[in-house]
Amino acid sequence: MKKIIALVAVLAALSSASVSGKIKSSVPAKVKNGTICLKTPAREKGQTSALQLRCEPISKVRVGFIGLGMRGPGAVKRFSYIDDAQIVALCDLKQENVSKCQKILSSRNCPEAREYVGDDAWKRLCESDDIDLVYICTDWVNHTPMAVYAMNQGKHVAVEVPAAMSIAECWDLVNTCEKTRRHCMMLENCVYDFFEMSVLNMAQNGVFGEVYYGEGGYIHNLTTYWDKYYNNWRLAYNNAHRGDNYPTHGIGPLCQVFGIHRGDRMTRLVSMDTSPRVGAACAKKIMGSDSYAEGDHTTTLIRTHKGKVIEIQHNVYADRPYSRLYALTGTEGYAVKYPEQNISVKGEKLERKAPDDLDVEKFAPKSFLKEVLADYEPEFAREIKDLAKKVGGHGGMDFIMDYRLVYCLKNGLPLDEDVYDAAEWSCLTELSRLSIENGNIPVEVPDFTRGEWNVIDGFSYAMAVK
């Protein structure tokens, strides 16, 4: 028996050594008790926590946009409808993209914006004295470098998703925000989906009991989009990087429900992927590549400090309908958005009288669901709903995102999505890769708040006193 125990110990040690030996991480990492652990850098002198960060109010938020190819023009259009914002600068590698956005401003009777064109033009935009907010819509690999540079120039930053592509970049965003005291918001629009906002409010009011399991993801066949990414940057990135490279649409809304770094935190995850089939064929056809890193379907399971579980999926290759999954399971109810939104709850938990035949084992009647979702819609969303749907952007949620950003900057309030959200939601990209490439073993999720994850009690929208 002693020999068997000794042999098991040796094999375990060899296993840990072999796993540890092939860890390739952007920050120091080691295997401890079968889990990959990443080193948390100490907070440098002069840095302080950015939780609930408040900055001086800005009466008219002056905005400069970087990246006017795919997402940029829509953002320019949306901001032209926000009275408390002024578009002062436009930047892109191509003059034609800048000119296109100038036409958008002209059609909205907005003043012409200053133009920045060329490889390093974005730096000059960030250095301008008449800009309060830098809005970044470039390819993924430029998000963090541009955001960090802008904050160091004294600018607030809004950056498209994911905000960072590695753990090291996540820490760069956190440390720069804490040092400069400038806001850094990742533009995760899905947290402003009308269904998600109402369900969040319902969950916070105990309608589902205690929510203990959440499902989210990004399942979207991008076959018709690959050639629209400048220099094929998105497919090229997936060709070289394994893991969930686009996790934030799925994880963001769930983190608000679970109060991540607002009373709970993600502690560890495991991730698994399929072999690349459709992705590899796309890369072969478009790029002539004989290898492909990202699996067609990636699934990640995350456990929180309070013993709750979140499941995140990613698939941009499958011939199947679009889905962000979005489902919540609680001790007394359930909510789901795809393929068809609905809830299953107990009537006594709701603000309005429920039908007598309401049954937790059945979905609520459609007419009743519509009334319930309206009951729990945030007041600010209700007030601007018609304008949001008119302006557009994924059914209006993009406009609400921009509106809330400007509102908080104007009133000197904490943002709905802070730099810790940006880091936590983005870090799944590298963490999922680490798990997959090391035999699907668990990986610790860094605490980007450095121990302050339970200082705030739940997510809330900051509102100005009327």
Side-chain angles (χ1 to χ4, degrees), residues 26 62-77 79 86-106 111-166 168-173 175-177 180 182-187 222 225-241 245-246 283 286-289 422 426 429-430:
S26 62
R62 300 167 298 178
V63 191
F65 291 88
I66 304 175
L68 303 172
M70 291 184 68
R71 293 282 292 157
V76 170
K77 177 186 174 183
F79 267 77
Q86 179 184 0
I87 301 168
V88 300
L90 300 170
C91 177
D92 195 81
L93 293 171
K94 302 167 70 174
Q95 177 64 53
E96 61 190 77
N97 288 341
V98 174
S99 299
K100 178 174 61 178
C101 289
Q102 292 284 26
K103 290 180 181 179
I104 293 174
L105 296 181
S106 176
E112 185 175 89
R114 192 166 59 252
E115 298 184 355
Y116 296 85
V117 180
D119 290 340
D120 293 322
W122 63 272
K123 290 185 178 180
R124 291 187 284 113
L125 182 149
C126 293
E127 294 161 1
S128 300
D129 293 333
D130 63 345
I131 293 176
D132 304 302
L133 171 68
V134 175
Y135 199 105
I136 301 168
C137 301
T138 64
D139 60 310
W140 296 339
V141 297
N142 281 302
H143 286 176
T144 294
M146 289 181 173
V148 167
Y149 191 84
M151 282 188 280
N152 280 326
Q153 301 303 314
K155 308 300 189 292
H156 298 298
V157 169
V159 57
E160 268 293 350
V161 300
M165 303 308 292
S166 70
E169 286 191 340
C170 289
W171 281 116
D172 284 345
L173 292 177
N175 290 332
T176 306
C177 174
T180 63
R182 296 294 87 184
H183 287 296
C184 179
M185 172 178 167
M186 182 169 65
L187 295 163
L222 296 181
Y225 292 90
W226 294 126
D227 62 354
K228 293 178 173 59
Y229 296 99
Y230 181 71
N231 282 347
N232 195 42
W233 64 260
R234 186 163 184 169
L235 187 63
Y237 190 94
N238 292 346
N239 185 65
H241 296 84
N245 294 327
Y246 201 66
I286 298 173
M287 305 169 57
S289 175
S426 299
T429 292
E430 181 171 3

Could you tell me if the side chain of [Y] sits less than 4.5 Å from the side chain of [X], heavy atoms only?
X: E430; Y: M165; result: no
X: L235; Y: Y229; result: no
X: C126; Y: M151; result: no
X: V159; Y: L187; result: no
X: L105; Y: E112; result: no
X: R234; Y: N245; result: no

Test item: [X] side-chain N/O and [Y] main-chain N/O as donor-acceptor pair under 3.5 Å:
X: T180; Y: T176; value: yes
X: H143; Y: E160; value: yes
X: N97; Y: L93; value: no
X: N142; Y: T138; value: no
X: K155; Y: V134; value: no
X: S128; Y: I131; value: no
X: Q86; Y: V63; value: no
X: N152; Y: V148; value: yes
X: N231; Y: W233; value: no
X: D92; Y: L68; value: yes

(message) Just checking Y116 against W122, ring centres under 6.0 Å apart?
(response) no
What distance separates [X] [atom1] from [Y] [atom2], expressed to the nearest 0.5 Å?
X: M146; Y: L125; atom1: CE; atom2: CG; result: 10.0 Å
X: H156; Y: C184; atom1: NE2; atom2: SG; result: 11.5 Å
X: E115; Y: C91; atom1: CD; atom2: SG; result: 10.5 Å

Shortest non-hydrogen separation from [X] to [Y] and the atoms involved:
X: P73; Y: K100; answer: CG-CE, 3.9 Å
X: S26; Y: A168; answer: OG-N, 3.0 Å
X: K94; Y: Y230; answer: CD-CE1, 3.9 Å
X: C137; Y: R71; answer: CB-CB, 4.2 Å
X: A147; Y: I136; answer: N-CD1, 3.5 Å
X: D172; Y: T144; answer: CB-CG2, 4.2 Å

(message) Do the side chains of D130 and R62 get close enough for a salt bridge, i.e. N-O under 4.0 angstrom?
(response) no
(request) Classify the angle between the aromatic ring planes of Y246 and W140 as parallel (below 30°), tilted (30 to 60°) or perpendicular (above 60°). (result)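 Aromatic pair Y246/W140 classed parallel.
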(request) Take the angle between the ring planes of Y135 and F65 and call it parallel below 30°, perpendicular above 60°, tilted in between. (result) tilted
(message) Is it the case that atom CG in D129 sees more than 12 heavy atoms from other parts of the structure closer than 6.0 Å?
(response) no
(request) Tell me, with the steps shown, if V157 and L133 meet side-chain contact (heavy atoms from CB on, under 4.5 Å). (result) CA-CA 6 Å; V157 169; L133 171 68; 5.6 Å; no
(request) Return yes if a side-chain donor-acceptor contact under 3.5 Å exists between Q102 and S106, otherwise no. (result) no
